[in-house]
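Structure record follows, encoded as C-alpha cells.
Throughout, protein chains are lettered first and strands after them, A, B, ... in sequence-line order, and every chain is numbered starting at 1. Just so it is clear, the values below take in all heavy atoms, side chains as well, and ignore hydrogens, waters and symmetry mates.
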There are 2 protein chains.
Amino acid sequence: MSLRHALLGLLSERPASGYDLLKLFETSLANVWPATQSQIYTELTKLAGTGLIAVTAEGPRGRKEYALTDEGMAELRHWLTETRPQRAVRSDMMLRVFFLGVLSPEQARGYLAELVDLSDQACEDLRGLMDSIDWEDGNLSVYGRMVLEYGLRFNAMRREWAQWAADLID
Amino acid sequence: MSLRHALLGLLSERPASGYDLLKLFETSLANVWPATQSQIYTELTKLAGTGLIAVTAEGPRGRKEYALTDEGMAELRHWLTETRPQRAVRSDMMLRVFFLGVLSPEQARGYLAELVDLSDQACEDLRGLMDSIDWEDGNLSVYGRMVLEYGLRFNAMRREWAQWAADLID
DNA sequence: ACTGTACATTCCAGTATTGACATGTCACTA
DNA sequence: TAGTGACATGTCAATACTGGAATGTACAGT
C-alpha cells in the first residue's frame, strides 16, 4: 500500500505528471521504494478514481498533470500519523548470507567482498546524487537530505559489517 | 524469486516439513525475508513439482518431510554464485521520512523519536533471539550469527541516525 | 526534410504476496 | 472424557509487483 502514499507524498510538494513522478522515483525514491513505470501509471489512475488526486491540467503529448486533493492530503497525513510502519524489510543480500555455508570459504569470502564493493559503490552513487540535486526545494529537500544521510550511514555500516564478516571466515 | 531459494537454503541444512520451515521463518528469517504460511506451502508444492526438493518421509497428521535433491542443491549454489543480489530495499519507514514536511515539526520529531524506540526494541528482540537459539548447529549457525550481528549494527545505526535527525529539526 | 531523443501514456500476462478461511490430528491434562 | 493447544496442511480471492510490448507526440539539431 506504500506506493499509493509515495505518490501522494510527491504530489503534496507540487503537481506532476506520471512521467514527472517516474523521474522522481528514479532519483529520490529509488533507494527506499522502487517502482516501475507501469505500476506508477496504474496507481495514478486508481488514485484519481477514488478522488485522492485529480487531473488539474493537460499538456502536449497527452500529458496529464495530477494534483493532490484535500482528501488526498488527509489520507497522506493519516498514513503518516495514524499507521505504524512495517518493521519487516526484505533483503535478498542478507538472505544469501544465511546460506553461504553451502559454498567454500573462499566463495563465501568472495561474496562478502562483493558486498563491500557494492556498499562503496552505493555510497559513491549517493554522493553523486547529493551533488546533482537542487537543494533549494521545499520540504522534500530538507527531509530528502535526511534520507540521503541515512543511505550514507547505512552503506558505511554495511561495508564495515561485510569486512568484519569476511575476516571472521579465516 | 527469493522465497524459493530461502526454502532451498533451509532444506540444505536438514530435511524439514512445511510446519518446521514456517517456524524457522518466524525466528531466523523473519528479519530478512518474511513469508506467510500460505506462501510457504504453495512454494513447497511447486518446488516438489519441479524436482528441486522431494518428500522423503511422512509422519503423523499428514506431515510431509521434504529434502533437497541434487538438482535443488545445484540451483541453490547457482543462485548464490551466479546471480547478483538486488540492490533495491523497500523501506516503508524511510519512505515516510521523505514526507514528514507535511506534518508539524513536533509531529515529525515524534515520528523520529518513535524510530529510536523501535530500533531499541528491535535490538532487544535480536538479543533475545541470540540467547534463545541453539548455536551448536551447522552452517546456519555460523552464518545466521553473522546476519544477527548485522541486525544489531543496523538497528544501532538507525537509532543514531533517527536521534541525529530529530535534533536537526530544532 | 530527416532523424534521433526525450516526452508521455496505456495495456497485459505472469508472478509474488497478503490475509484470510477451512480442515483435521495428536498429546496432554483437568 | 471433554477440552485445549500445538501440530499440520490445503485453498482462495484480492492486491502488488515485474517486465515488456505497443503507440504516439514534440522538439532540437543536422
Side-chain angles (χ1 to χ4, degrees), chain A residues 1-8 10-11 15-27 29-30 32-50 52-53 55-66 79 83-92 95, chain B residues 1-8 10-11 15-27 29-30 32-50 52-53 55-66 79 83-92 95:
Chain A
M1 288 285 277
S2 291
L3 173 65
R4 157 192 251 78
H5 296 106
L7 290 170
L8 294 177
L10 288 175
L11 289 173
S17 67
Y19 193 82
D20 293 339
L21 292 165
L22 181 59
K23 295 297 156 191
L24 285 170
F25 264 87
E26 277 170 10
T27 54
L29 296 195
V32 296
W33 204 274
T36 59
Q37 180 252 43
S38 51
Q39 223 188 331
I40 291 172
Y41 280 106
T42 306
E43 195 61 39
L44 282 173
T45 307
K46 275 199 234 165
L47 244 19
T50 57
L52 297 181
I53 63 175
V55 175
T56 50
E58 305 207 5
R61 284 163 288 206
R63 176 191 169 95
K64 283 189 275 188
E65 200 171 72
Y66 293 97
W79 175 65
T83 67
R84 289 310 88 226
Q86 293 277 289
R87 243 183 78 169
V89 171
R90 283 201 163 84
S91 171
D92 189 1
L95 179 61
Chain B
M1 289 286 278
S2 291
L3 173 65
R4 156 192 252 76
H5 296 107
L7 290 170
L8 293 177
L10 289 174
L11 289 174
S17 68
Y19 192 82
D20 293 339
L21 292 165
L22 181 59
K23 295 299 155 190
L24 284 170
F25 264 88
E26 277 169 12
T27 54
L29 295 195
V32 297
W33 204 275
T36 60
Q37 180 256 40
S38 52
Q39 221 186 333
I40 291 172
Y41 280 106
T42 306
E43 195 62 38
L44 283 173
T45 307
K46 274 198 236 165
L47 243 21
T50 56
L52 298 181
I53 63 175
V55 175
T56 49
E58 305 209 3
R61 283 163 289 207
R63 177 191 169 94
K64 283 189 275 188
E65 201 171 71
Y66 292 97
W79 175 65
T83 68
R84 292 307 90 227
Q86 293 277 288
R87 241 182 79 167
V89 171
R90 285 201 162 84
S91 172
D92 190 0
L95 179 61

What's the CH2-C1' distance between A:Trp33 and D:dT18, to the nearest Å?
15 Å
Expressed in angstrom and rounded to an integer, what is the separation of A:Asp92 atom CG from D:dT18 atom P?
12 Å
Approximate separation, where rounding is to 0.5 Å, of A:Arg4 CZ and A:Gln39 CD:
12.0 Å
Determine, stepwise, if the pair A:Thr42 / A:Lys46 fulfils side-chain contact (heavy atoms from CB on, under 4.5 Å).
CA-CA 6 Å; A:Thr42 306; A:Lys46 275 199 234 165; 4.3 Å; yes
Comparing A:Ala35 with B:Arg63, nearest DNA chain D nucleotide closer to 5' gives the residue B:Arg63
Suppose we screen for ring-ring contact (aromatic ring centres under 6.0 Å, His included). Which residues come up paired with B:Trp33, at least two apart in sequence or across chains?
none
note: A:Leu7, atom CG; D:dA16, atom P; distance rounded to Å ~ 12 Å
Taken in chain and number order and not counting sequence neighbours, the residues that satisfy side chain to side chain contact (heavy atoms under 4.5 Å, CB included) with A:Ala30 are none
Could you give the CZ-to-P distance, from B:Arg61 to D:dG5, as a whole number of Å?
16 Å
Name all residues meeting the side chain to side chain contact (heavy atoms under 4.5 Å, CB included) criterion together with B:Leu10; count only those two or more places apart in sequence or in a different chain, and write none if there are none.
A:Phe99, B:Leu21, B:Leu24, B:Phe25, B:Leu29, B:Leu140
To the nearest 0.5 Å, how far apart are CG in B:Leu8 and CG in B:Leu47?
5.0 Å
Send over the distance from A:Lys64 NZ to D:dT25 C1', rounded to a whole Å.
15 Å
Donor-acceptor pair, side chain of B:Tyr41 and main chain of B:Tyr19, under 3.5 angstrom
yes
CD (B:Glu26) and CD1 (B:Ile40) are apart, to the nearest 0.5 Å, by 8.0 Å
Reckon A:Arg90 touches a base, only the sugar-phosphate, or nothing at all at heavy-atom distances under 4.0 Å?
sugar-phosphate
Expressed as a whole number of angstroms, how long is the span from A:Leu22:CG to D:dT18:C1'?
14 Å
Give me the first and last nucleotide of DNA chain C, going 5' to 3', that has any atom under 4.0 Å from a heavy atom of chain A.
C:dA6 to C:dT18
Side chain to side chain contact (heavy atoms under 4.5 Å, CB included) partners for A:Arg63, two or more places apart
A:Ser17, A:Asp20, A:Glu65
Close residues, residues 37-47 of chain A, relative to DNA chain C [heavy-atom separation under 4.0 Å]:
A:Gln37, A:Ser38, A:Tyr41
